[in-house]
Engineer: 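Sharing a structure here in structure tokens format.
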Amino acid sequence: MDTLLNKISDSGLDASAVTGEEAIIFWNHIRQHVATTAIEQAQCLIISSEYRSELKQAQASIDELKAALNLLSLPQDAEVMLEVKASLSERLVDSGDYHGALNEYITASTIAVEHGYIELTRWLC
């Protein structure tokens, strides 16, 4: 994340100067024009998803978290993937998709065990 924030700063932009809808537009711009790696693009989607959640845009928030997951790869992004899956599970529960949330919890638990993040399995529950 520090690398992405440095790129943003080097571009003359200020991530802390935007909120709400402007922040969603900002992070979309960063994803398309500043982020150069899949993990950086995923981080942009994750942040945008948080703003969408605050603005009660539940489905868009869920869609962005799923898009972020599609950009992440195991094993190098396992920890970020687990964090995203936990957030996605919460959003799915909030939207009433309990089956989808359960599936995310199950896959997150499997990833945690297979990639040595056992301590995070407690965090997922």
Side-chain angles (χ1 to χ4, degrees):
M1 186 66 178
D2 289 338
T3 303
L4 179 59
L5 292 174
N6 287 336
K7 287 180 181 180
I8 293 168
S9 179
D10 291 347
S11 298
L13 301 171
D14 183 6
S16 65
V18 293
T19 59
E21 288 287 343
E22 288 179 355
I24 293 168
I25 294 166
F26 176 85
W27 286 103
N28 185 47
H29 172 80
I30 296 300
R31 183 174 53 85
Q32 292 180 2
H33 301 289
V34 177
T36 56
T37 65
I39 186 73
E40 290 172 349
Q41 292 172 350
Q43 289 167 333
C44 292
L45 288 164
I46 294 163
I47 294 167
S48 177
S49 172
E50 291 300 317
Y51 282 105
R52 288 191 184 278
S53 180
E54 289 175 10
L55 294 171
K56 308 294 186 226
Q57 298 174 359
Q59 190 57 53
S61 177
I62 289 168
D63 292 344
E64 286 186 339
L65 290 175
K66 288 179 178 180
L69 284 172
N70 287 333
L71 293 169
L72 300 172
S73 301
L74 291 171
Q76 66 269 20
D77 302 326
E79 189 169 355
V80 174
M81 191 176 283
L82 290 171
E83 292 170 3
V84 173
K85 285 187 167 291
S87 293
L88 178 56
S89 295
E90 290 175 20
R91 304 264 163 70
L92 290 169
V93 166
D94 291 343
S95 71
D97 184 358
Y98 304 110
H99 184 264
L102 181 59
N103 283 336
E104 292 300 330
Y105 279 123
I106 291 168
T107 58
S109 296
T110 302
I111 291 167
V113 170
E114 289 177 354
H115 295 280
Y117 291 94
I118 305 283
E119 70 280 357
L120 291 179
T121 57
R122 288 179 289 146
W123 174 68
L124 290 171
C125 297

Engineer: More than 12 heavy atoms of other residues, nucleotides or ligands under 6.0 Å from NE2 of His33: is that the case?
Structural biologist: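 Atom NE2 in His33 is crowded, with more than 12 foreign heavy atoms closer than 6.0 Å.
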
Engineer: Which heavy atom of Ser61 sits nearest to which heavy atom of Arg91, and what is that distance?
Structural biologist: OG-NH1, 2.9 Å

Engineer: According to a hydrophobic-cluster definition based on side-chain heavy atoms being under 4.5 Å apart (Ile, Leu, Val, Met, Phe, Trp, Tyr only), do Leu4 and Val80 belong together?
Structural biologist: no

Engineer: At their closest point, which heavy atom of Glu104 faces which heavy atom of Lys85, and how far apart are they?
Structural biologist: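 Taking every non-hydrogen atom into account, OE1-NZ, 2.7 Å.
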
Engineer: Yes or no on side chain to side chain contact (heavy atoms under 4.5 Å, CB included) for Val34 and Cys44, after CA distance, side-chain angles and deciding distance?
Structural biologist: CA-CA 10 Å; Val34 177; Cys44 292; over 6 Å; no

Engineer: Could you walk me through whether Glu114 and Thr110 pass the side-chain hydrogen bond (donor to acceptor under 3.5 Å, both in side chains) test, one step at a time?
Structural biologist: CA-CA 6 Å; Glu114 289 177 354; Thr110 302; 5.7 Å; no

Engineer: Indicate if Leu74 and Leu71 have the same hydrophobic cluster label, given that clusters are the connected sets of ILVMFWY residues with side-chain heavy-atom separations under 4.5 angstrom.
Structural biologist: no

Engineer: Decide side chain to side chain contact (heavy atoms under 4.5 Å, CB included) for Ile39 and Gln76; before the verdict, give the C-alpha distance in whole Å, the side-chain angles of both, and the deciding distance to 0.1 Å.
Structural biologist: CA-CA 10 Å; Ile39 186 73; Gln76 66 269 20; over 6 Å; no

Engineer: Do you reckon Val84 sits in the same ILVMFWY cluster as Ile24, going by side-chain contacts under 4.5 Å, direct or chained?
Structural biologist: no

Engineer: Nearest 0.5 Å, please: how far is CD1 in Ile46 from CG in Leu72?
Structural biologist: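 Answer rounded to 0.5 Å: 6.0 Å.
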
Engineer: Is there a chain of hydrophobic side chains (I, L, V, M, F, W, Y, each step under 4.5 Å between heavy atoms) that links Ile30 to Leu5?
Structural biologist: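 Same cluster.
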
Engineer: Any side-chain heavy atom of Lys7 within less than 4.5 Å of one from Thr36?
Structural biologist: yes

Engineer: For the residue pair Val18 and Tyr51, what are the closest heavy atoms and their distance?
Structural biologist: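 Here Val18 and Tyr51 meet closest at O-OH, 3.8 Å.
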
Engineer: Evaluate Arg52 against Asp63 for side chain to side chain contact (heavy atoms under 4.5 Å, CB included), listing each step before the verdict.
Structural biologist: CA-CA 10 Å; Arg52 288 191 184 278; Asp63 292 344; over 6 Å; no

Engineer: Would a hydrophobic clustering, with Ile, Leu, Val, Met, Phe, Trp and Tyr connected at side-chain separations under 4.5 Å, put Leu45 with Ile25?
Structural biologist: no

Engineer: Establish, from distance only, whether the side-chain atoms of Glu64 and Gln57 form a donor-acceptor pair under 3.5 Å.
Structural biologist: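 Result is no, nothing qualifies.
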
Engineer: CD1 of Ile62 to OG of Ser87: how many Å apart, nearest 0.5 Å?
Structural biologist: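 Here the rounded value is 11.5 Å.
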
Engineer: Dump the intermediate steps for side chain to side chain contact (heavy atoms under 4.5 Å, CB included) on Leu88 and Leu92, then the final yes or no.
Structural biologist: CA-CA 6 Å; Leu88 178 56; Leu92 290 169; 3.9 Å; yes

Engineer: Which atom names give the shortest non-hydrogen contact between Ala101 and Val93, and what distance separates them?
Structural biologist: CB-CG2, 3.5 Å

Engineer: Side chains of Phe26 and Asp14: does their closest heavy-atom pair fall under 4.5 Å?
Structural biologist: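 Contact flag for Phe26/Asp14 side chains = no.
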
Engineer: Using every non-hydrogen atom in the two residues, find where Met81 and Ser73 come nearest and quote the distance to one decimal.
Structural biologist: CE-N, 4.1 Å

Engineer: Side-chain contact, heavy-atom cut-off 4.5 Å: Leu65 with Leu69?
Structural biologist: no

Engineer: Between Ala15 and Ile8, which heavy-atom pair has the shortest distance, and what is it?
Structural biologist: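 Heavy-atom minimum between the residues: N-CG2, 4.4 Å.
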
Engineer: Do Ile47 and Met1 have side chains that get closer than 4.5 Å, going by heavy atoms?
Structural biologist: yes

Engineer: Mark yes or no for whether Ser53, through its side chain, and Ser49, through its backbone, hold a donor-acceptor pair below 3.5 Å.
Structural biologist: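 Flag not set: sc Ser53 to bb Ser49 has no pair under 3.5 Å.
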
Engineer: Are there over 12 heavy-atom neighbours, none belonging to Glu22, within less than 6.0 Å of that residue's CD?
Structural biologist: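 Check fails, neighbour count at 12 or below.
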
